[in-house]
Amino acid sequence: MEEMQLKQLLKKMTLEEKIGQTIQLSGEFFISEASEITGPMTEMHIDAERLKGVGSVLGVSGATAVIDIQTRHLKNNRLGIPLLFMADVIHGYQTIFPIPLGLASSWNLVLAEQTAEIAAREAAVAGLHVTFSPMADLVRDARWGRVMEATGEDAYLNALYARAFVRGYQGQDLLNDTTKVAACVKHFAAYGAPIAGREYNTVNMSERQLRELYLSAYQAAIDEGSKLVMTAFNTVDGVPATGNKWLMNQVLREEMKFNGVLISDWGAIGELVPHGVAADLKEAGDLAMNAGVDIEMMSAAYSGHLAELITEETLDLDLLDEAVLRILMLKNDLGLFEQPLRGADIQKEKAMIGSQEHRLAAQQAAEQSIVLLKNEGVLPLKVTQKIALLGPGATSKDILGNWSWKGKTEESVSLAEGLARCLPRENLLIDTSTDYFELSETQLKTAFKLAEQADVLVLALGETADMSGEAASRTNIQLPASQLHLLTELKKLNKPLVVTLYNGRPLDLTAVTAKADALVEAWFPGSQGGDALANILMGQVNPSGKLTMSFPRTLGQVPIYYNADNTGRPLTEANKDQRYVSKYYDSENSPLFPFGFGLSYSRFSYKTMQLSTTELSETEELTVRVHVKNDSSIEGTEIVQLYLRDKVGEVVRPVKELKRFERVTLSAGEEQEVCFTLQEKDLRYVHSDLTKRSDKGMFDIMVGTSSDTTQLQTITLL
Ligand code: GLC
C-alpha cells in the first residue's frame with residue numbers, strides 16, 4: 001500500500017480500533033477459547049470482541065497455527081488489518097546456533113549474518129514476521145545471566161555484530177523476500193549494566209558513558225535498518241526507559257533517527273507503577289505513549305486506559321495516530337496487507353526446518369565459536385588413545401542454551417555421540433552417571449573405574465542451560481562444587497586431563513585451569529554442539545575462537561573488562577610491590593583470560609608492524625601492515641587484532657580499544673601480510689560536552705593475538 005492509503009485507512013479507524021493496534025498479546029489469547037482464559041483476558045481488559053482488533057501476537061509460530069489464527073482474525077477484523085506475529089528467535093528458530101556470546105567468539109561477521117539468515121528462513125516459513133533480536137546490550141558483568149545473549153564487552157565489535165544480524169534477518173528486500181523477518185534491536189537502553197549484575201536492577205551511569213559505550217550498537221542496528229526497537233526494563237538516569245521521554249524522543253527518534261516501531265518489553269509499561277514513576281496503569285500508559293512507545297507487550301495500560309486518556313484530553317490523539325501509523329507502516333513494509341500469510345507454508349516448513357543443510361551450518365558456527373583456553377600438549381586427541389569421557393556434560397543434550405526458541409534438546413548431538421563418531425568403540429569409555437550438582441560415592445567410583453582404564457580423561461563440565469539467560473543472575477560464578485570435587489579427585493590419577501565447558505557466562509575457572517592440562521570453552525554450542533566439540537578435540541577442526549568477554553580470576557574482580565581506565569595510580573611492573581597503587585590486596589588485577597584471547601593448534605608469530613606514517617592529519621589515512629606467520633605444520637585461523645590508545649584526552653581514555661580485526665587462515669608455514677587502515681574519525685570519542693570528536697596528540701597503536709598484546713608503536717594526530 002502507498003503511505004497515503006495507510007493514512008486513509010487510519011482515518012477510517014475508530015478510537016477503539018486504533019488502540020487495538022497498540023496491544024500485543026501472547027499466543028494463548030489466540031489459541032485457547034476466550035472462555036478458557038477469562039483470568040488473563042479480564043486483567044488485560046480483553047474480551048472476544050476486543051480480541052478482533054488486537055494488532056500483534058507474540059510467541060506463536062508454526063505455519064498451521066499462524067495460518068489458522070491470521071485467517072480467523074481477518075474474518076473478524078472490520079478493516080481487514082492483519083496481525084503481526086513476533087517471537088524470540090535469538091540464536092536460531094529450530095536449528096539452534098551457539099548462544100550469541102559463543103557465536104561472537106568466532107569474530108566472523110559473515111558467519112553471524114549467515115546464522116541470522118537461516119534463523120529468519122526457518123522463522124518466516126513458520127509464519128513469523130518479527131524476531132526480537134539482535135540483543136545489542138554491552139555487557140561487563142558475568143553475574144548477569146543475559147550476557148549469554150550479548151556479543152560481549154566491546155562497543156565496536158557489538159556494533160558490527162548488530163549490523164550483521166540485522167542484515168541476516170531482514171536482507172535487502174523485506175517486502176518481497178518472504179524468507180526474511182523484521183529485526184527488533186533490544187533492549188534500549190543499557191540493560192546490560194544492572195548494578196551488581198542483578199537482573200532488572202537499576203542502571204546508573206553518566207550520559208557521557210551511555211553515549212560513548214552503550215548506544216553505538218543500537219545505533220548500528222538502526223543504521224542497518226532494524227524495523228523495531230524494544231525498550232529496556234531498567235531505569236536510565238532514574239527514569240525507566242519505557243517511560244523515558246528524553247531517551248526515546250530526543251535520543252532514539254531525533255538524534256539516532258529511528259522512525260520505526262518502538263515496542264515495550266514484556267509488561268514493561270505496567271512496571272512503571274512498581275518502578276514508582278506512575279501511580280497507576282493510567283499514568284503508566286500516559287508516560288509510555290508520551291515516550292513514543294507504539295506497542296504495549298503484555299500489560300494493560302493501553303488496553304485499559306488509552307481511551308479514557310484521550311477522551312478526557314489528557315493524552316493527545318495525534319500521539320496515538322502516530323503510533324498506529326508506524327504499526328500500519330511496519331505491516332505494510334512486510335507486505336501483510338497484500339499477503340497476510342506472508343511466508344507461512346506448511347509443506348515448506350516440514351522440508352526446511354532443522355534440515356541437514358541448516359544443521360551443518362550450525363555445526364560450523366559452533367566449531368568457530370569454541371575457544372581453546374589452555375593446552376599443555378594434550379590436544380588434539382588421537383584415535384589410538386583410550387579416552388574416558390566423564391562428567392555431567394558427557395552425554396548431556398542440554399546444550400542449546402537459553403532462548404533457543406523451538407530448538408529440540410532431544411535432537412541435539414551430545415559430546416558422547418560426537419566422539420563416538422570419531423573413535424573406535426573400544427577406545428571410548430563413557431560415564432553416563434554424573435549429574436551437574438551431585439556427586440555420590442558410587443558416581444565417583446564409576447568415574448574412577450573408567451578413568452583408570454584410559455590414556456586420557458575428558459571431563460565435560462559446566463552450567464545447565466537455565467543457569468544463564470533471563471532472570472538467572474548468579475552471585476557465585478564458579479562451577480558447582482560437585483564438579484570441582486570430581487575434577488580434584490580425578491586429577492589424583494595424574495593422567496592427561498582435558499576439561500570441556502558448557503556455560504552461558506564467563507566463569508571463575510581459576511581452580512579448573514590449575515588442574516586441567518587442556519581447557520576448552522564450548523559455550524552452549526547449539527544443535528550440533530557435540531559434533532563440533534568432538535571435531536575440535538580430535539583435531540579435525542583447529543580451534544580459532546577468541547573471547548569477547550573477559551574471564552575473571554575471581555568474582556571479586558567483576559565487573560572486569562579490557563578497555564578500562566588507567567587511573568591515577570596504575571599498577572605497573574615497577575610499583576607492583578607498593579601498597580598505594582590501584583590493585584587488590586588478595587588478587588592480581590588481570591583477568592584469568594582476557595578479551596580477544598584464544599589458542600590454536602597452530603603457532604602464529606607476528607613480525608614488527610609497519611606504519612605508513614607516524615603523523616596523521618585529519619584528511620589522511622594511516623595504514624598498518626603486519627606479517628603473520630604460521631610456524632606450525634597445521635593450517636589454522638588467527639584473528640589479528642588492532643587496538644588503539646589515546647594517550648591524552650579531554651576525559652580519561654581507556655588503556656586500549658579494539659579498532660580493527662581480521663580473521664586470516666594460514667596453511668602450514670605460510671606467512672601473510674595483514675593490512676589495516678585508520679582515519680581520524682576512528683580516533684573520536686564523546687567529550688565532556690557530549691560532542692563526539694578527536695583530540696590532536698599521541699596515540700599508541702597495538703597489534704596482536706589478544707588484547708594483552710604488547711607490540712606497540714606511537715603516532716601523532718596533527
Ligand atoms: C522478555 C525479554 C525480551 C523478550 C520478551 C518477549 O522478558 O526481556 O528480551 O524479547 O520478553 O519474550
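What's counted below: heavy atoms across the whole structure, side chains too, no hydrogens, waters or symmetry copies. Starting from 1, each residue takes its place in the sequence as its number. Counting starts at 1 for both ligands and their atoms, following the listed order. Values in this document were obtained by computation on a predicted structure and should not be read as measured data.
Under a 4.0 Å criterion applied to the non-hydrogen atoms of W266, ligand 1 contributes the atoms 7 (O), 11 (O). When each atom of ligand 1 is checked for a heavy atom of F132 under 4.0 Å away, the hits are 10 (O). Residue contact check: D265 has heavy atoms under 4.0 Å from atoms 1 (C), 2 (C), 3 (C), 4 (C), 5 (C), 7 (O), 8 (O), 11 (O) of ligand 1. Each of the following atoms of ligand 1 lies closer than 4.0 Å to a heavy atom of L58: 6 (C). Of all the atoms in ligand 1, the ones that sit under 4.0 Å from a non-hydrogen atom of D88 are 4 (C), 6 (C), 10 (O), 12 (O). Listed by number with element, the atoms of ligand 1 under 4.0 Å from a non-hydrogen atom of K186 are 3 (C), 4 (C), 9 (O), 10 (O). Close approach of ligand 1 to F233 is summarised as follows: ligand atoms under 4.0 Å from at least one heavy atom of the residue are 7 (O), 8 (O).
With a 4.0 Å heavy-atom cut-off, ligand 1 is reached by the side chain of H187 but not by its N, CA, C or O. Neither the backbone nor the side chain of E199 comes within 4.0 Å of ligand 1, counting heavy atoms alone.
A donor-acceptor contact closer than 3.5 angstrom links the side chains of S299 and E296. A donor-acceptor pair shorter than 3.5 Å can be found between the side chains of T95 and E122. A donor atom on one side chain and an acceptor atom on the other are found under 3.5 Å apart for E153 and S550. Inspection of the S396 and Y502 side chains reveals no N or O donor paired with an N or O acceptor under 3.5 Å. A donor-acceptor contact under 3.5 angstrom links the side chains of Y93 and S61, judged on distance only. If you check the side chains of E470 and Y200, you find a donor sitting under 3.5 Å from an acceptor.
In terms of polar-atom proximity, defined here as any N/O pair under 3.5 Å, Y191 makes no such contact with ligand 1. Between R146 and ligand 1, an N or O atom pair is found at a separation short of 3.5 Å. The shortest N or O to N or O distance between E149 and ligand 1 is not below 3.5 Å.
One N or O on the side chain of E463 and one on the backbone of G504 form a donor-acceptor pair closer than 3.5 Å.
Using the six-membered ring where Trp is involved, Y169 and F165 have ring planes that are parallel, under 30° apart on the 30 and 60° scheme.
The closest approach between any non-hydrogen atom of M135 and ligand 1 is not below 4.0 Å.
The existence of a salt bridge linking D88 and K186 is confirmed by a sub-4.0 Å separation between a basic side-chain nitrogen and an acidic carboxylate oxygen.
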